[in-house]
Amino acid sequence: MQTVIGLEIHVQLSTRTKLFCPCRADYFEAPPNTLTCPVCLGLPGALPVLNKRAVELALRIALALGSEVRERSVFDRKNYFYPDLPKGYQITHHDEPLARGGRFTFFVDGHARTVRIRQVHLEEDAGKLVHVGDGALVDFNRCGVPLVEIVTEPDFRSAKEARAFLQELRTLLRHLGVSSGDMEKGAVRCDANLSVQVGDRPGTRTEIKNLNSFRAVERALQAAEEYHRELLAAGETIAQVTFGWDDHADRLVVQRTKEQAQDYRYFPDPDLVPLVVTAEWLARVRAGMPELPRARALRWLERHKLTPAEVEALLPEPALANYFDRVAGELGDGKTAASWVLAELRQYWTGEEPPLPAEDLVLLIRKVGAGEISRTTGKELLAEAAQTGKSLPELLARPDLVQLGDEQALVQVAQEVIAAHPQAVADFRAGKAQALGFLVGQAMKKTEGRADAKKLGEILRRLLSP
Ligand SMILES: [Zn+2]
């Protein structure tokens with residue numbers, strides 16, 4: 001028995017305005033029905049005008065997936081009746097989509113997997129029903145928000161693969177700057193289909209609608225797989241069922257039993273001319289593409305010798321990845337940069353902006369590297385700068401720190417320690433190497449741990465050598 005899974009991923013594009021009207025598209029915290037106009041409410045006589053930016057973001061996705069962008073694509077009307085769809089139809093690419101084909105490689109348990117992409121197309125989102133008591137209210141703010149739908153071939157063989165794919169796809173979308181990728185806010189939603197093939201005979205497909213977390217995708221597909229295998233093992237036939245997923249109960253919920261052959265009566269929207277993507281336009285979009293996360297990961301592994309765990313920690317958040325690249329670039333040492341960014345800086349990064357400018361972190365790492373301050377002091381200064389907003393150069397100018405960076409001052413400390421511990425000095429001269437560690441410890445105590453232990457060790461060794 002072979003599990004066969006395909007995914008349809010809806011990605012909300014982070015454009016300023018909606019797909020066919022000038023209404024703002026960032027509806028998430030807006031009061032209900034405040035971001036609407038005659039176009040997205042489908043009032044008579046209103047005419048849609050295509051958002052060029054949305055097309056460009058969709059093209060980025062298509063290019064990143066290696067899809068073949070079609071010169072001419074056509075927006076159809078998909079007709080159906082639902083309260084959150086005021087026009088009575090959704091405008092969507094249908095049989096003449098924006099792009100076809102492509103592939104995406106991702107990693108599962110350290111192994112590369114590639115799945116084929118069937119198509120990439122643009123469509124508008126519907127509104128939202130808000131259930132209140134026995135009734136439902138409708139909020140049209142989301143109507144007309146641009147979506148890209150990515151349809152894969154049925155190339156996944158397990159729920160785990162589907163989840164890993166989605167996680168890496170989201171990283172890609174965020175690096176492309178096309179979507180927030182925020183699944184909790186519905187910016188990426190996933191429909192899945194699953195069948196279990198026995199021998200050469202394809203199995204009956206089950207659909208699962210509206211999965212909006214990585215966990216939900218994996219759990220729902222696992223549950224559907226179990227359902228299929230149990231029925232097949234019992235010799236029963238599988239009915240065509242559309243499921244939803246109840247996250248709280250952690251189980252599938254039947255939405256529709258028999259697939260009602262829905263006739264959407266697709267036809268080209270007479271208000272919209274075909275979309276033509278010229279070679280020049282496509283070349284401009286291609287030229288503006290950022291480095292893709294997979295290429296970035298390889299560069300980090302090869303040039304900076306980062307570990308896969310470090311890459312995995314730095315990559316998903318583009319702002320963190322960019323920050324790391326700036327620090328590593330200026331410092332010329334990716335390993336050290338990664339260690340500081342991940343172990344020290346990241347914990348203070350709460351908002352949009354980094355807690356410390358990249359050039360300040362570089363300065364700090366250099367001071368530690370040169371032995372002017374200890375790593376402990378460096379960490380403390382970083383914490384203080386991040387938490388108080390004080391500038392790092394200002395903190396570094398503190399008199400006690402200047403003194404610790406000063407070789408003369410450290411020699412003085414070393415001499416005091418030598419004078420205070422004749423026994424340890426004698427031990428060291430008698431060949432007991434660990435006595436030096438004790439003396440360094442005493443010297444560190446004197447500087448309250450702020451001096452550089454390595455540098456103190458060198459000074460002590462020099463002073464004690466005959
Ligand atoms: Zn509008």
Side-chain angles (χ1 to χ4, degrees), residues 9-61 73-94 96-98 120-132 135-150 173 176-189 210 212 264-277 281 285:
I9 303 104
H10 292 90
V11 180
Q12 219 165 62
L13 298 179
S14 46
T15 49
R16 201 172 51 77
T17 58
K18 294 185 180 180
L19 189 52
F20 296 111
C21 65
C23 293
R24 264 176 45 206
D26 57 337
Y27 64 88
F28 191 69
E29 277 170 345
N33 299 307
T34 53
L35 308 179
T36 60
C37 74
V39 174
C40 53
L41 287 175
L43 300 186
L47 284 174
V49 177
L50 181 59
N51 181 338
K52 189 177 169 193
R53 178 78 182 151
V55 177
E56 290 180 343
L57 297 187
L59 288 174
R60 276 194 197 180
I61 295 175
S73 59
V74 174
F75 284 106
D76 272 16
R77 289 185 179 182
K78 178 183 181 179
N79 299 279
Y80 64 95
F81 182 76
Y82 201 72
D84 66 6
L85 193 73
K87 290 201 294 283
Y89 60 85
Q90 176 197 27
I91 304 177
T92 174
H93 279 132
H94 178 52
E96 295 205 53
L98 185 71
V120 175
H121 70 250
L122 267 165
E123 60 184 39
E124 57 176 352
D125 211 341
K128 246 181 169 175
L129 288 183
V130 184
H131 295 275
V132 182
L137 301 171
V138 65
D139 175 7
F140 292 121
N141 281 348
R142 201 176 67 180
C143 269
V145 166
L147 297 178
V148 160
E149 183 171 336
I150 301 166
L173 296 169
L176 289 173
V178 299
S179 174
S180 72
D182 200 335
M183 287 188 96
E184 288 72 42
K185 293 181 181 172
V188 175
R189 310 193 287 272
N210 254 318
N212 47 22
Y264 292 118
R265 294 176 293 118
Y266 286 100
F267 62 87
D269 191 309
D271 291 337
L272 288 161
V273 293
L275 167 60
V276 174
V277 178
W281 190 14
V285 173

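Counting starts at 1 for both ligands and their atoms, in listed order. Residue numbers run from 1 in the order of the sequence given.
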Problem - For the Zn ion (ligand 1), every protein N/O/S atom that sits closer than 2.8 Å, waters excluded - result: C21 SG, C23 SG, C37 SG, C40 SG
Handout entry: Reported CZ-to-CG distance for the pair F20 and D271, which is rounded to 0.5 angstrom
Key = 10.0 Å
Problem - Min side-chain heavy-atom separation D76-Y264 under 4.5 Å - result: no
Problem - ring-ring contact (aromatic ring centres under 6.0 Å, His included) involving H10 - partner list, sequence neighbours excluded - result: none
Exercise for the section: Could you tell me whether K87 and D269 make a salt bridge, using a distance below 4.0 angstrom between a side-chain N and a carboxylate O? Expected result: no
Completion exercise
With sequence neighbours left out, the residues meeting ring-ring contact (aromatic ring centres under 6.0 Å, His included) with H93 are F75
Problem - Under the salt bridge (charged side-chain N to carboxylate O under 4.0 Å, His left out) test, residues paired with D26 that sit two or more places apart - result: R24
